[in-house]
Enquirer: 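Provided herewith is a single structure, encoded as structure tokens, for subsequent inquiry.
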Amino acid sequence: MSVGDSQAAFRAAAALDGIQLEPAKAPWINQRGHFGLPERAVIAAAPLDDIFADLGGQTDVYKSKRTTALQGDFYHEHSRTFIEIDEIQHFTTFRLRTLERYPGSIPLGFHLEEYLALCRQHAPRADKYRVTKEAVGFGPKGRQRQRAYYDALRDLVVPCMGHPPLIRIPILDGDGAAGYAANRDLVRSALG
């Protein structure tokens with residue numbers, strides 16, 4: 001499957017079910033990461049700083065980045081809910097490390113224990129995905145660490161900004177339509 005195929009199939013399946021999902025983009029989820037957060041999200045800054053340091057993020061690089069919004073997967077306007085689709089590359093050892101550092105004080109729109117288990121199960125395969133790809137602010141072989149950080153950024157900041165907790169949908173086989181069907185009740189319940 002090509003990049004974006006799972007998301008396109010998920011969105012199409014949701015549309016057939018009467019749910020309109022738009023591309024997600026919020027100015028407070030931006031290239032500066034937790035260094036570009038508004039005051040309202042200050043509760044997320046300390047855990048994100050800990051996660052960023054653990055992943056080897058380069059503070060000077062991130063502080064000098066632009067505040068260009070990062071593209072996410074989906075936004076449901078009526079309920080103000082963000083949804084992210086997670087294929088195999090989101091279940092790395094680095095992602096496991098971020099999830100283990102989540103504070104209990106910030107609500108999540110997915111089952112943390114399920115995601116921890118999925119990371120443990122799939123990390124041997126996921127850790128091989130684009131292992132050599134560089135990422136600005138995380139250096140050589142930094143793309144997996146950057147992805148884990150951006151996932152944590154979304155998880156922890158979205159509810160701090162007055163939105164419902166971000167929903168995460170694991171789609172490990174790349175079949176977005178089947179992923180929607182398997183999570184239909186969760187999605188419909190969350191979106192009201």
Side-chain angles (χ1 to χ4, degrees), residues 7 21-87 89-116 119 130 133-170 187 190-192:
Q7 288 84 351
L21 300 174
E22 302 303 324
K25 196 176 260 194
W28 29 267
I29 300 290
N30 63 62
Q31 291 180 2
R32 282 196 187 161
H34 70 288
F35 300 106
L37 292 178
E39 187 65 31
R40 185 173 185 179
V42 70
I43 192 171
L48 285 167
D49 197 53
D50 181 47
I51 287 167
F52 186 79
D54 178 61
L55 295 173
Q58 300 165 347
T59 301
D60 292 344
V61 173
Y62 264 77
K63 283 184 174 181
S64 68
K65 284 187 170 190
R66 295 180 183 186
T67 56
T68 304
L70 298 174
Q71 182 69 52
D73 288 336
F74 303 116
Y75 181 69
H76 182 254
E77 187 172 352
H78 179 72
S79 66
R80 301 180 64 239
T81 303
F82 289 85
I83 301 173
E84 290 290 319
I85 303 303
D86 292 333
E87 298 100 333
Q89 67 267 24
H90 290 267
F91 296 97
T92 63
T93 302
F94 295 118
R95 182 64 169 132
L96 176 65
R97 286 168 41 184
T98 67
L99 292 165
E100 291 173 337
R101 295 178 182 283
Y102 278 19
S105 59
I106 298 177
L108 300 174
F110 58 95
H111 297 288
L112 181 59
E113 291 302 320
E114 175 189 0
Y115 259 68
L116 289 165
C119 285
R130 296 194 175 173
K133 189 170 182 179
E134 185 171 344
V136 175
F138 285 94
K141 300 182 181 182
R143 181 61 181 113
Q144 291 180 0
R145 290 177 283 136
Q146 182 188 56
R147 179 181 293 110
Y149 171 68
Y150 283 155
D151 283 353
L153 180 71
R154 288 182 174 93
D155 291 343
L156 300 181
V157 173
V158 165
C160 292
M161 293 302 294
H163 291 265
L166 181 141
I167 298 172
R168 287 201 170 274
I169 306 291
V187 171
L191 302 184

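Small disclaimer: the values here were computed from a predicted structure and weren't measured.
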Enquirer: Do Leu156 and Pro103 come close enough that some side-chain heavy atom pair is under 4.5 Å?
Expert: yes

Enquirer: Which class fits the ring pair Trp28 and Phe82: parallel under 30°, tilted 30 to 60°, perpendicular over 60°?
Expert: perpendicular

Enquirer: Side chains of Gln31 and Leu70: closer than 4.5 Å at any heavy-atom pair?
Expert: yes

Enquirer: Would you check if the side chain of His111 reaches a backbone N or O of Glu114 as a donor-acceptor pair within less than 3.5 Å?
Expert: no

Enquirer: Checking Glu84 side chain against Asp73 main chain: does a donor-acceptor pair fall under 3.5 Å?
Expert: yes

Enquirer: Search all heavy atoms of Ala69 against all heavy atoms of Ala26 and return the closest pair with its distance.
Expert: CB-O, 3.5 Å

Enquirer: Are any of the side-chain heavy atoms of Lys63 and Arg32 separated by less than 4.5 Å?
Expert: no

Enquirer: Excluding sequence neighbours, so at least two apart, what forms salt bridge (charged side-chain N to carboxylate O under 4.0 Å, His left out) with Arg168?
Expert: Asp86, Asp151, Asp155

Enquirer: Would you check, one step at a time, whether the test side chain to side chain contact (heavy atoms under 4.5 Å, CB included) holds for Arg143 with Phe94?
Expert: CA-CA 10 Å; Arg143 181 61 181 113; Phe94 295 118; over 6 Å; no

Enquirer: How far does CD1 of Ile83 sit from CD1 of Ile167, to the nearest 0.5 angstrom?
Expert: 4.5 Å

Enquirer: Any side-chain donor paired with an acceptor under 3.5 Å for Thr98 and Arg95?
Expert: yes

Enquirer: For the residue pair Tyr62 and Tyr149, is the inter-centroid distance of their aromatic rings smaller than 6.0 Å?
Expert: yes

Enquirer: Within this structure, what is the OG1-CZ distance for the pair Thr67 and Phe35, rounded to the nearest 0.5 Å?
Expert: 15.0 Å

Enquirer: Enter the distance from Cys119:SG to Arg97:CZ here, rounded to the nearest 0.5 Å.
Expert: 12.0 Å

Enquirer: Would you give the length of the straight line joining atom CD of Gln144 to atom NZ of Lys133, rounded to the nearest 0.5 angstrom?
Expert: 11.5 Å

Enquirer: Throw together a table of side-chain donor-acceptor distances under 3.5 angstrom for residues 36-53, partners on residues two or more places apart or in other chains.
Expert:
{"unit_1": "Asp49", "atom_1": "OD1", "unit_2": "His34", "atom_2": "NE2", "d": "3.0"}
{"unit_1": "Asp50", "atom_1": "OD2", "unit_2": "Arg101", "atom_2": "NH1", "d": "3.0"}

Enquirer: Identify the heavy atoms of Pro164 and Thr81 that sit nearest to each other, and give their distance.
Expert: CG-OG1, 3.5 Å

Enquirer: When you compare the side chain of Tyr115 with that of Pro170, does any pair of heavy atoms fall below 4.5 Å?
Expert: yes

Enquirer: For Asn30 versus Arg66, what's the shortest heavy-atom pair and its separation?
Expert: OD1-O, 4.3 Å

Enquirer: Do you know which two heavy atoms are closest between Lys65 and Val136, and how far apart they sit?
Expert: NZ-O, 3.5 Å

Enquirer: Heavy atoms only: give me the nearest Leu112-Tyr102 pair and the separation to one decimal.
Expert: CD1-CD2, 4.4 Å

Enquirer: Would you please test Gln7 and Glu87 for side-chain hydrogen bond (donor to acceptor under 3.5 Å, both in side chains) and show each step?
Expert: CA-CA 10 Å; Gln7 288 84 351; Glu87 298 100 333; 3.2 Å; yes

Enquirer: Minimum heavy-atom separation for Arg154 and Gln71, please, with both atom names.
Expert: NH2-O, 2.9 Å

Enquirer: How long is the span from the CZ atom in Phe74 to the CG atom in Leu166, to the nearest 0.5 Å?
Expert: 12.0 Å

Enquirer: Given 3.5 Å as the limit, does a donor-acceptor pair link the side chain of Arg145 with the main chain of Asp54, or not?
Expert: no

Enquirer: Which residues pass the salt bridge (charged side-chain N to carboxylate O under 4.0 Å, His left out) test with Glu77, sequence neighbours left out?
Expert: none

